[in-house]
**Q** 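Sharing a structure here in structure tokens format.
The first residue of the sequence shown is numbered 1, and numbering continues consecutively from there.
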Amino acid sequence: MTNSYFDNNVFNKGKAFIPFITAGYPTLEDTERFILKMEEAGADLIEIGIPFSDPIAEGPVIQHASTMALKAGTTLDKIFDMVKKVREKSQVPLVFMTYINPIFKYGCEKFYAKCNELNIRGTILPDVPFEEKKEFEDVAKLYDVDIISLVTPASNNRIRKIAEASRGFIYVVSSMGVTGTRDEITTDLGAIDEIIRKTTITKTAIGFGINTLAQAKEISKHSDGIIVGSAIIKIIDKYGSNSDEQIFDFVQSMKKAINS
């Protein structure tokens, strides 16, 4: 299954570069500005992480960013307000990466209605197994929001099933374990990509662990896009609210690398 929104707005300018940012780290005002800076640098889609107290898929870098964002008082309503300000200036494609608890607490239908209002066209839910996503997907579909499926190196014979039911794009997890930069990625991504390509025309993006231009260029051979998070959060760790130009340079160089 394919989705014209993502095909026409994200994967239509060569290999897509998808940066991740934790909402509210260091502040929501910074997040708003960083999103616009990423778009200016050539980001095709921006993944906004909703901070959560128990982010089981995240390594220490993004865990720390989530903790600091929550301590600063970041809430879902404040994140929606921030996105509304972004939307006053830009229609850059956006998706949320979140755990299911914040959605439950906020109210599933209310959450997806707000996503629709702000043109958030996808959500990534790493703690919801493929077999259990239907109750959320049924609500999301009512509001024209896709649940982005994840395929991992451990998906094995489930890859075809996940790919057949995919919407938006498929998030291919490059390595077992949690997010975080890695010196080496040894997963046979070509084999996973081959199975997906034989099953569906849905586009793919690979994430988890990618942090260098060389890694991004090599891994992009096996996907339609690359997702990078921890490397960007590390820039913010170092430069804080003054990270604008460093983020711009990183995003621009990554976009060029995967399309060179």
**Q** Taking the side chain as every heavy atom from C-beta outward, state whether Phe17 and Val251 have any atom pair closer than 4.5 Å.
**A**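 Yes; the side chains approach each other to less than 4.5 Å.
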
**Q** Test side chain to side chain contact (heavy atoms under 4.5 Å, CB included) on Ile50 and Phe111 and set out the steps.
**A** CA-CA 12 Å; Ile50 294 174; Phe111 175 83; 4.0 Å; yes

**Q** Between the side chains of Lys85 and Glu88, is the shortest nitrogen-to-carboxylate-oxygen separation below 4.0 Å, so that they form an ion pair?
**A**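 Here Glu88 does not pair with Lys85 in a salt bridge, since their nearest N and O are not under 4.0 Å apart.
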
**Q** Check whether any side-chain heavy atom of Gln246 lies under 4.5 Å from a side-chain heavy atom of Lys238, and answer yes or no.
**A**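 Side-chain contact under 4.5 Å: no.
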
**Q** With a cut-off of 6.0 Å (strictly less than), are more than 12 heavy atoms of other residues, nucleotides or ligands near NZ of Lys37?
**A**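 It does: Lys37 NZ has more than 12 such atoms within range.
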
**Q** Between Ile103 and Leu125, does the side chain to side chain contact (heavy atoms under 4.5 Å, CB included) criterion hold? Intermediate values first, please.
**A** CA-CA 10 Å; Ile103 297 178; Leu125 309 174; 3.7 Å; yes

**Q** Ile124 versus Leu150: any side-chain heavy-atom pair under 4.5 Å?
**A**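 Answer yes - side chains close enough.
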
**Q** Between Asp44 and Lys255, is there a side-chain N and carboxylate O pair less than 4.0 Å apart?
**A**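 Judged by the 4.0 Å cut-off on N to carboxylate O distance, Asp44 and Lys255 do form a salt bridge.
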
**Q** Taking side chain as C-beta onward, heavy atoms only, is Ile192 less than 4.5 Å from His222?
**A**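 No - every pair of side-chain heavy atoms lies 4.5 Å or more apart.
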
**Q** Is the backbone N or O of Gly190 less than 3.5 Å from a side-chain atom of Glu194, with the two atoms forming a donor-acceptor pair by type?
**A**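 No, the answer is negative, given that no donor and acceptor are paired below the 3.5 Å cut-off.
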
**Q** With a 4.0 Å cut-off, would you call Glu32 and Lys89 a salt bridge?
**A**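 Salt bridge: yes.
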
**Q** Cation over ring, Lys203 on Phe169, under 6.0 Å and within 45°?
**A**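 No, a cation-pi geometry is absent between Lys203 and Phe169.
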
**Q** Quick one, Thr74 and Ile79 - any side-chain contact, counting heavy atoms below 4.5 Å?
**A**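 A side-chain contact exists here, since the closest heavy-atom pair is under 4.5 Å.
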
**Q** Return yes if a side-chain donor-acceptor contact under 3.5 Å exists between Asn101 and Tyr106, otherwise no.
**A**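 Note: Asn101 and Tyr106 side chains miss the donor-acceptor criterion.
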
**Q** Is a side-chain donor-acceptor pair under 3.5 Å present for Thr123 with Tyr112?
**A**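 Yes.
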
**Q** Under the salt bridge (Lys or Arg N to Asp or Glu O under 4.0 Å) criterion, do Lys84 and Glu117 qualify, and how do the steps go?
**A** CA-CA 9 Å; Lys84 185 177 180 181; Glu117 178 186 328; 5.5 Å; no

**Q** Could you tell me if the side chain of Met97 sits less than 4.5 Å from the side chain of Ile48, heavy atoms only?
**A**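 Of all side-chain heavy-atom pairs linking Met97 with Ile48, none is under 4.5 Å.
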
**Q** Hey, is the main chain of Ala257 close enough, under 3.5 Å, to the side chain of Asn259 for a donor-acceptor pair?
**A**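 A pair under 3.5 Å: no.
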
**Q** Whether Asp224 and Arg197 form a salt bridge (side-chain N of Lys/Arg under 4.0 Å from carboxylate O of Asp/Glu) is what I want to check.
**A**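 Counted as a salt bridge, because a side-chain N and a carboxylate O are separated by less than 4.0 Å.
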
**Q** Between Tyr239 and Glu245, do the side chains contain a donor N or O and an acceptor N or O under 3.5 Å apart?
**A**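 Side chains of Glu245 and Tyr239: no pair found under 3.5 Å.
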
**Q** Can you find a heavy atom in the side chain of Ile206 that is under 4.5 Å from one in the side chain of Asp193?
**A**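 No, every pair of side-chain atoms sits at 4.5 Å or beyond.
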
**Q** Considering residues at least two apart in sequence or located in another chain, which fulfil the ring-ring contact (aromatic ring centres under 6.0 Å, His included) criterion with Phe136?
**A**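 With sequence neighbours excluded, Phe136 shows a ring-ring contact (aromatic ring centres under 6.0 Å, His included) to Phe104, given in chain and number order.
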
**Q** Between Asp244 and Arg33, does at least one N-O distance fall below 4.0 Å, as a salt bridge requires?
**A**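 Judged by the 4.0 Å cut-off on N to carboxylate O distance, Asp244 and Arg33 do form a salt bridge.
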
**Q** Under 6.0 Å from the CZ atom of Arg87, do we count more than 12 heavy atoms belonging to anything else shown?
**A**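 Yes, enclosed.
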
**Q** Do the charged groups of Arg121 and Asp144 touch, with an N to O distance under 4.0 Å?
**A**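 Salt bridge: yes.
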
**Q** With Ser149, which of Glu164, Arg167, Glu137, Lys133 fulfils side chain to side chain donor-acceptor pair (under 3.5 Å)?
**A**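 When side chain to side chain donor-acceptor pair (under 3.5 Å) is applied between Ser149 and each of Glu164, Arg167, Glu137, Lys133, only Lys133 qualifies.
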
**Q** Using side-chain heavy atoms (C-beta onward) and a distance below 4.5 Å, is Phe250 in contact with Ile235?
**A**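 Contact flag for Phe250/Ile235 side chains = yes.
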
